[in-house]
2 protein chains.
Amino acid sequence: MKNRILVVEDELHIAQALIFNLEQEGYSVHHTETGEEALALLESGEFDLVVLDLMLPGISGFDVCQKIRERWERLPVLILTAKGEPQDKVAGLAMGADDYLTKPFSLDEFLIRIAGILKRSGWYRPDLGPEITFGGNLVNLGNGKAKSIHGDLDLTEQELKLFQVFVEHHDEVIERGPLLQRAWGVDPGTETRTLDNFVARLRKYFEPNPSEPRHFQTIRGKGYCFRLNPDKTFE
Amino acid sequence: MKNRILVVEDELHIAQALIFNLEQEGYSVHHTETGEEALALLESGEFDLVVLDLMLPGISGFDVCQKIRERWERLPVLILTAKGEPQDKVAGLAMGADDYLTKPFSLDEFLIRIAGILKRSGWYRPDLGPEITFGGNLVNLGNGKAKSIHGDLDLTEQELKLFQVFVEHHDEVIERGPLLQRAWGVDPGTETRTLDNFVARLRKYFEPNPSEPRHFQTIRGKGYCFRLNPDKTFE
DNA sequence: ACAGGTTTTACAAAAGTTTGACAAAGATGA
DNA sequence: TCATCTTTGTCAAACTTTTGTAAAACCTGT
């Protein structure tokens with residue numbers, strides 16, 4: 001799942017640049033112009049990192065940082081500022097910021113520092129990989145651990161690979177060829193029953209009634225279709 | 001327990017200043033002038049942080065950093081350098097340095113960044129105290145003395161190293177490659193049964209029933225996973 | 001040469017994947 | 001609707017790959 005970043009910055013042209021680049025990197029980015037808004041948004045507890053400008057209208061960046069530290073000890077904070085005096089830097093870091101960049105800074109450095117912070121912060125949240133839920137099942141797409149409606153289980157490597165392909169293209173028909181290609185890396189024309197066997201196995205794992213598949217549907221003459229939510233009729 | 005810092009710096013007057021100040025802060029400090037010495041010293045696995053100058057005689061700081069990352073994924077590294085070009089900075093951070101300071105820098109900033117890194121690195125390794133308990137066993141991670149459910153024993157050097165890697169990454173899957181790399185320092189592609197033998201031995205030591213491992217689980221096709229508390233379901 | 005520890009070798013066992021035969025279900029056209 | 005053709009489901013046997021195990025070989029320092 002994408003890391004969510006909150007950018008607190010009142011200079012709009014800077015904010016835009018940051019947001020654009022962060023999104024480019026695949027992060028989910030939110031933005032506020034004031035510390036008050038930021039703190040309110042953070043209450044949702046849905047952020048992985050805060051990029052915080054020190055010069056803000058209203059409540060100062062320092063105070064915001066301090067409040068963040070009081071409330072969420074380990075939420076990573078990266079401070080941005082125009083002030084370059086060591087004094088400020090030390091003060092910023094001393095109040096618990098994880099990193100500190102002074103404007104102007106290189107965008108590359110900015111991005112890479114963020115990546116580093118997130119990588120390390122991920123270490124103390126053990127195996128929180130991307131995961132997906134459907135019809136009462138939960139599958140960790142990273143390590144293949146799953147809680148199905150029938151019980152816990154571990155997907156094998158190949159099962160996981162196939163499942164990932166299904167998830168990636170959920171709710172669209174995938175023909176046998178491309179499926180073979182993506183999940184097995186073999187020639188799309190390959191003639192085999194392996195695919196069917198694996199689909200059967202996924203059904204056994206995750207379908208309430210495997211003989212009447214709701215999520216792993218077969219489209220005769222075409223291929224298969226993985227439906228996240230079979231009940232929802234869609235546009 | 002004092003945090004142990006390794007300073008790798010060939011300019012003696014700088015090194016002295018760093019050492020003096022770090023010791024003043026209560027750290028236990030070691031010093032080498034070359035990368036080779038540093039890597040050798042690190043083998044003991046007894047450091048919490050490395051302060052690394054990029055300009056070294058012999059093997060370069062970059063290479064040292066890279067080697068450190070291969071062998072000890074999470075050992076914090078703070079890079080010092082005279083080069084100030086963003087290029088270098090990005091390169092240094094990209095190779096996994098935790099932080100990067102360009103000379104001249106404020107001693108205050110240096111110390112505070114170190115404090116921050118160490119504080120956070122403590123978070124990544126929450127269970128890495130001097131000793132660890134799991135499923136009725138107790139192992140001293142420093143000297144390898146253990147009280148297992150079957151009796152007292154001493155882990156050999158290699159057994160201990162492997163065990164340390166397992167503990168450091170408990171509850172996550174570690175593939176054979178990285179395992180070989182971190183515990184033995186050999187090429188990740190190495191083909192050997194040694195690893196399996198050692199896992200078998202750890203199982204014999206610590207598992208109630210070695211043929212049905214609860215703590216040292218094998219993840220077929222991937223590697224092994226050391227579970228501190230096997231009963232706890234994930235997430 | 002010996003002892004403790006580590007690595008290699010060789011083989012057994014286990015886990016995972018593919019194949020092939022055949023049954024079942026859907027389509028097609030008279 | 002029936003006969004026929006095609007595609008998909010199922011299952012067990014065959015096969016492949018990975019891991020477990022134990023003994024022998026190998027170091028290294030005493």
Side-chain angles (χ1 to χ4, degrees), chain A residues 143-144 146 153-163 165-166 173-177 179-207 209-226, chain B residues 43 143-146 153-166 173-207 209-226:
Chain A
N143 56 27
L153 61 95
D154 282 276
L155 296 185
T156 69
E157 228 178 329
Q158 195 55 46
E159 289 166 350
L160 181 58
K161 210 174 249 170
L162 173 61
F163 185 72
V165 175
F166 273 134
V173 179
I174 324 175
E175 300 179 34
R176 292 181 75 89
L179 217 37
L180 265 320
Q181 172 104 49
R182 285 178 218 278
W184 276 268
V186 302
D187 186 274
T190 311
E191 167 71 48
T192 176
R193 300 250 61 62
T194 300
L195 173 51
D196 310 71
N197 278 316
F198 274 85
V199 172
R201 208 157 342 137
L202 290 181
R203 282 171 178 159
K204 196 176 309 167
Y205 294 159
F206 300 120
E207 293 281 3
N209 172 12
S211 54
E212 239 184 72
R214 293 158 45 72
H215 297 100
F216 299 91
Q217 300 185 339
T218 132
I219 313 298
R220 192 188 163 80
K222 279 289 196 296
Y224 294 95
C225 173
F226 172 63
Chain B
E43 278 301 327
N143 58 23
K145 286 192 181 300
L153 62 97
D154 279 278
L155 295 185
T156 68
E157 199 179 331
Q158 195 54 44
E159 288 166 349
L160 181 57
K161 216 170 238 171
L162 173 61
F163 185 72
Q164 286 169 338
V165 176
F166 272 134
V173 179
I174 323 176
E175 300 179 31
R176 289 183 79 89
L179 217 36
L180 265 319
Q181 174 111 51
R182 305 229 164 78
W184 275 269
V186 302
D187 185 275
T190 310
E191 166 76 46
T192 176
R193 300 249 64 63
T194 300
L195 172 51
D196 309 70
N197 278 313
F198 274 84
V199 172
R201 205 151 351 129
L202 290 180
R203 281 172 178 159
K204 199 174 305 169
Y205 295 159
F206 300 120
E207 292 280 4
N209 172 13
S211 54
E212 241 186 69
R214 293 159 43 73
H215 297 99
F216 298 91
Q217 299 186 339
T218 132
I219 312 298
R220 188 178 210 272
K222 276 291 195 309
Y224 294 94
C225 173
F226 172 64

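Just so we're on the same page: letters track the sequence lines, and every chain starts at 1.
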Discussion item. I want to check one thing: is the phosphate of D:dT18, taken as OP1 and OP2, less than 4.0 Å away from some side-chain N or O of B:Tyr224?
Written reply: no

Response to the item:
To the nearest angstrom, the CD-C1' distance between B:Glu175 and D:dT17 comes to 16 Å

Worksheet entry | Whole-Å distance separating the CD atom of A:Gln217 from the C1' atom of C:dA25 | 16 Å

Fill in: B:Glu159 side chain vs B:Leu202 backbone, donor-acceptor pair below 3.5 Å
no

Practice prompt. Encode nucleotides 24-30 of chain D as B, S and - characters from 5' to 3', where the letter depends on protein heavy atoms closer than 4.0 Å: B to the base, S only to sugar-phosphate, - to neither.
Written response: -------

Item to complete: Answer yes or no: does a side-chain N or O of A:Arg203 lie under 4.0 Å from OP1 or OP2 of D:dG9?
Response: yes

Worksheet item: Which residue, A:Leu195 or B:Thr190, contacts DNA chain C at a nucleotide closer to its 5' end, judged by nearest heavy atom?
Response: B:Thr190

Discussion item. Has A:Gln158 got a side-chain atom pairing as donor or acceptor with A:Ala183's backbone, closer than 3.5 angstrom?
Written reply: yes

Worksheet entry | Contact state string [nucleotides 9-15 of chain C, B base, S sugar-phosphate only, - no protein heavy atom under 4.0 Å] | BB---BB

Practice prompt. Would you mind checking if B:Arg203 and B:Asp196 are paired as a salt bridge, meaning a charged N to carboxylate O distance below 4.0 Å?
Written response: no

Worksheet item: Roughly how many Å is it from CD in A:Glu157 to C1' in D:dT17, rounded to a whole number?
Response: 11 Å

Discussion item. Quick one: does any side-chain atom of A:Glu157 pair with a main-chain N or O of B:Lys222 as donor and acceptor, under 3.5 Å?
Written reply: no

Fill in: Sub-4.5 Å side-chain heavy-atom contact between B:Asp187 and B:Thr190
yes

Worksheet item: OP1 or OP2 of C:dT6 sitting under 4.0 Å from any side-chain N/O of B:Trp184?
Response: no

Worksheet entry | Spacing between A:Asp196 atom CG and C:dC22 atom P, to the nearest angstrom | 18 Å

Item to complete: Report the relative orientation of the aromatic rings in B:Phe163 and B:Phe226; use parallel for angles under 30°, tilted for 30 to 60°, perpendicular for over 60°.
Response: perpendicular

Discussion item. For a 4.5 angstrom cut-off between non-hydrogen side-chain atoms, does A:His215 reach A:Phe206?
Written reply: no

Worksheet item: Of all the choices, D:dG9, C:dT6, D:dG20, which nucleotide is nearest to the side chain of B:Thr218 once you look at every atom?
Response: D:dG20

Discussion item. Rounded to whole Å, please give me the gap between CZ in B:Arg201 and P in C:dT8.
Written reply: 14 Å

Worksheet item: Does the side chain of A:Leu162 come within less than 4.5 Å of A:Leu195's, by heavy atoms?
Response: yes

Worksheet item: For B:Thr194 and B:Thr192, what are the C-alpha separation, side-chain angles and deciding distance, and is it a side-chain hydrogen bond (donor to acceptor under 3.5 Å, both in side chains)?
Response: CA-CA 5 Å; B:Thr194 300; B:Thr192 176; 2.9 Å; yes

Worksheet item: What is the distance from CD of A:Gln158 to P of C:dG16, rounded to the nearest Å?
Response: 12 Å

Worksheet entry | Nucleotide C:dT18, atom P - distance to CG of A:Leu162 in whole Å | 11 Å

Worksheet item: Could you state the CG-P distance from A:Leu160 to C:dG16, rounded to the nearest angstrom?
Response: 13 Å

